[in-house]
Amino acid sequence: MNIKTIDINKFKRIVFFTGAGMSAESGVPTYRGEGGVWHEYNWREYACQEAWETDPEKVFDFHDLRREEALKCFPHKGHEVITAIQEVHANVLVVTQNIDGMHQRAGSNNVIELHGSIWRVRCDREGWVKDDLNHGPFEKRKCDCGACLRPDIIWFSDMLDPNTVQQADAAVSQCDLFISIGTSGVVWPAAGYPQLAKSTGALCIELNPQPSEQSLIYDRVYKGKAGELLPQLFNM
Ligand code: OAD
């Protein structure tokens with residue numbers, strides 16, 4: 001494929017907007033498409049507030065499995081390219097829909113997690129959020145106050161965290177280079193970010209082996225895998 005390489009020095013603010021396809025070559029399954037998590041599991045039973053209120057143990061078991069799966073996987077060359085760019089450019093943010101922590105494991109530090117993280121829990125009764133970095137299942141399912149803990153994840157029908165949204169909105173609307181990687185673009189409000197970046201004048205590039213719901217918005221669409229296209233795009 002003929003890829004026009006990007007000179008990062010020509011851009012002041014860069015946003016990498018990532019979805020499950022970013023982690024696919026690491027071995028983390030995507031949600032939709034072949035082998036997708038939502039084909040094997042009905043999200044109504046595992047990934048919404050109602051499911052957790054009905055059967056928290058079942059929901060925890062599902063997310064323990066996600067943690068164990070993620071631990072068997074490792075960041076790939078594409079993650080490394082993003083981290084390397086963050087190391088040499090002052091203003092590079094990752095806005096991710098992924099909850100697997102793979103960007104951070106690759107050494108990225110400026111990561112906005114739109115949909116939360118499988119590596120955090122919260123107690124809605126006491127109103128706290130904490131890391132749970134246990135190398136395996138969640139360390140605790142119950143708070144000392146007696147309430148059931150909850151993975152700190154944005155499930156279906158949940159509102160996104162307003163502070164997180166504010167940070168992501170600011171980053172996307174102020175960037176001059178927006179690179180979307182591995183998202184189907186069907187889950188809102190995240191799916192609105194390509195249009196927001198475009199409307200504020202950013203060069204918008206999509207990397208995905210398949211067309212997404214938002215493909216028409218982008219200035220450039222490169223068909224392929226994240227781990228192969230990112231090194232080519234940045235000549236690294
Ligand atoms: P999807 O599973 O909907 O889409 C994954 C996208 O990745 C598809 O467009 C694939 O074509 C693309 N893809 C697959 N392999 C790839 C590769 N090697 N390189 C690049 N792209 C590849 O995942 P998301 O768009 O992330 O919510 O889904 C959005 C949200 O829906 C997720 O955050 C999740 C889910 O419900 C939560 O986890 C809370």
Side-chain angles (χ1 to χ4, degrees), residues 1-28 30 70 73-115 117 119 164-185 190-209 212 214-215 217-236:
M1 181 183 297
N2 197 9
I3 291 186
K4 205 170 155 193
T5 56
I6 297 276
D7 176 358
I8 51 169
N9 298 312
K10 293 198 170 138
F11 298 92
K12 288 196 174 69
R13 292 166 190 267
I14 303 172
V15 167
F16 289 97
F17 173 59
T18 65
M22 182 73 212
S23 296
E25 287 151 277
S26 294
V28 182
T30 59
C73 302
F74 296 91
H76 57 69
K77 179 76 186 154
H79 292 102
E80 287 167 16
V81 166
I82 295 175
T83 304
I85 293 170
Q86 286 192 316
E87 281 165 4
V88 295
H89 192 295
N91 217 321
V92 182
L93 270 171
V94 176
V95 176
T96 190
Q97 297 166 80
N98 298 343
I99 57 176
D100 57 23
M102 205 60 78
H103 285 293
Q104 292 90 332
R105 280 174 62 193
S108 278
N109 41 29
N110 283 329
V111 183
I112 298 175
E113 294 176 310
L114 284 174
H115 293 165
S117 171
W119 305 108
T164 308
V165 171
Q166 203 178 19
Q167 286 175 44
D169 283 358
V172 173
S173 59
Q174 289 165 21
C175 71
D176 51 1
L177 177 62
F178 179 88
I179 301 175
S180 164
I181 307 151
T183 178
S184 57
Y193 282 142
Q195 182 59 53
L196 178 61
K198 181 78 187 154
S199 68
T200 49
L203 173 64
C204 295
I205 299 176
E206 178 175 66
L207 312 183
N208 197 315
S212 76
Q214 319 293 327
S215 287
I217 291 170
Y218 293 89
D219 301 297
R220 297 190 214 160
V221 175
Y222 294 121
K223 203 173 166 187
K225 295 179 175 177
E228 292 166 12
L229 292 181
L230 277 162
Q232 290 177 52
L233 189 62
F234 294 99
N235 206 11
M236 284 182 170

Exercise for the section: With the side chain counted from C-beta on, respond yes when N208 and I181 share a heavy-atom pair under 4.5 Å apart, and no when they do not. Expected result: no

Handout entry: Non-hydrogen side-chain atoms of M22 and H79 separated by less than 4.5 Å
Key = yes

Practice task
Would you please say whether a donor-acceptor pair under 3.5 Å links the side chains of S215 and E206?
Solution key: yes

Practice task
Check whether any side-chain N or O of T200 sits under 3.5 Å from a backbone N or O of L196 as a donor-acceptor pair, and report yes or no.
Solution key: yes

Exercise for the section: Would you indicate whether the side-chain heavy atoms of M102 and V28 approach each other to under 4.5 Å? Expected result: yes

Exercise for the section: Assert yes or no for the condition that the ring centre distance of F16 to F234 is strictly below 6.0 Å. Expected result: yes

Completion exercise
The residue among R13, Q86, K12 that forms side-chain contact (heavy atoms from CB on, under 4.5 Å) with N91 is R13

Handout entry: H89 NE2 to F11 CZ distance, which is reported to the nearest 0.5 Å
Key = 9.0 Å

Exercise for the section: Side-chain contact test, heavy atoms from C-beta onward, threshold under 4.5 Å: evaluate it for V111 versus T96 and give yes or no. Expected result: yes

Exercise for the section: Could you tell me whether a side-chain N or O of N98 sits under 3.5 Å from a main-chain N or O of A20, the two making a donor and an acceptor? Expected result: yes

Exercise for the section: Report yes if the side chains of T18 and H103 come closer than 4.5 Å at any heavy-atom pair, otherwise no. Expected result: yes

Practice task
Kindly say whether G224 contributes a backbone atom to a donor-acceptor pair with the side chain of E228 at under 3.5 angstrom?
Solution key: no

Exercise for the section: Measure up the F178 and Y218 rings against each other and bin them: parallel (under 30°), tilted (30 to 60°), perpendicular (over 60°). Expected result: parallel

Exercise for the section: Side-chain contact test, heavy atoms from C-beta onward, threshold under 4.5 Å: evaluate it for L233 versus L207 and give yes or no. Expected result: yes

Problem - Side-chain donor/acceptor of T183 to backbone N/O of G19, under 3.5 Å - result: no

Problem - I205 CD1 to K4 NZ distance, which is reported to the nearest 0.5 Å - result: 9.0 Å

Problem - Side-chain H-bond candidate by donor/acceptor type, T83 with S108, under 3.5 Å - result: yes

Exercise for the section: Output yes when a side-chain donor or acceptor of Q214 lies under 3.5 Å from a complementary backbone atom of P194, and no otherwise. Expected result: no

Practice task
Decide, yes or no, whether a salt bridge links K198 with D219 under the criterion of side-chain N to carboxylate O below 4.0 Å.
Solution key: yes

Exercise for the section: Compare all side-chain heavy atoms of V95 with those of L114 and state whether any distance is below 4.5 angstrom. Expected result: yes

Handout entry: Value rounded to 0.5 Å, distance of NZ in K77 from CG in L229
Key = 13.5 Å

Exercise for the section: Look up atom CZ in R105 and atom OG in S23, then write down how far apart they are to the nearest 0.5 Å. Expected result: 9.5 Å

Practice task
Kindly compute the distance separating NE2 (H76) from CD (E25), expressed to the nearest 0.5 Å.
Solution key: 4.5 Å

Completion exercise
Heavy atoms of A190 and F17 approach each other most closely as O-CZ, 3.4 Å

Problem - Reported CD1-to-CD1 distance for the pair I6 and I85, which is rounded to 0.5 angstrom - result: 9.0 Å

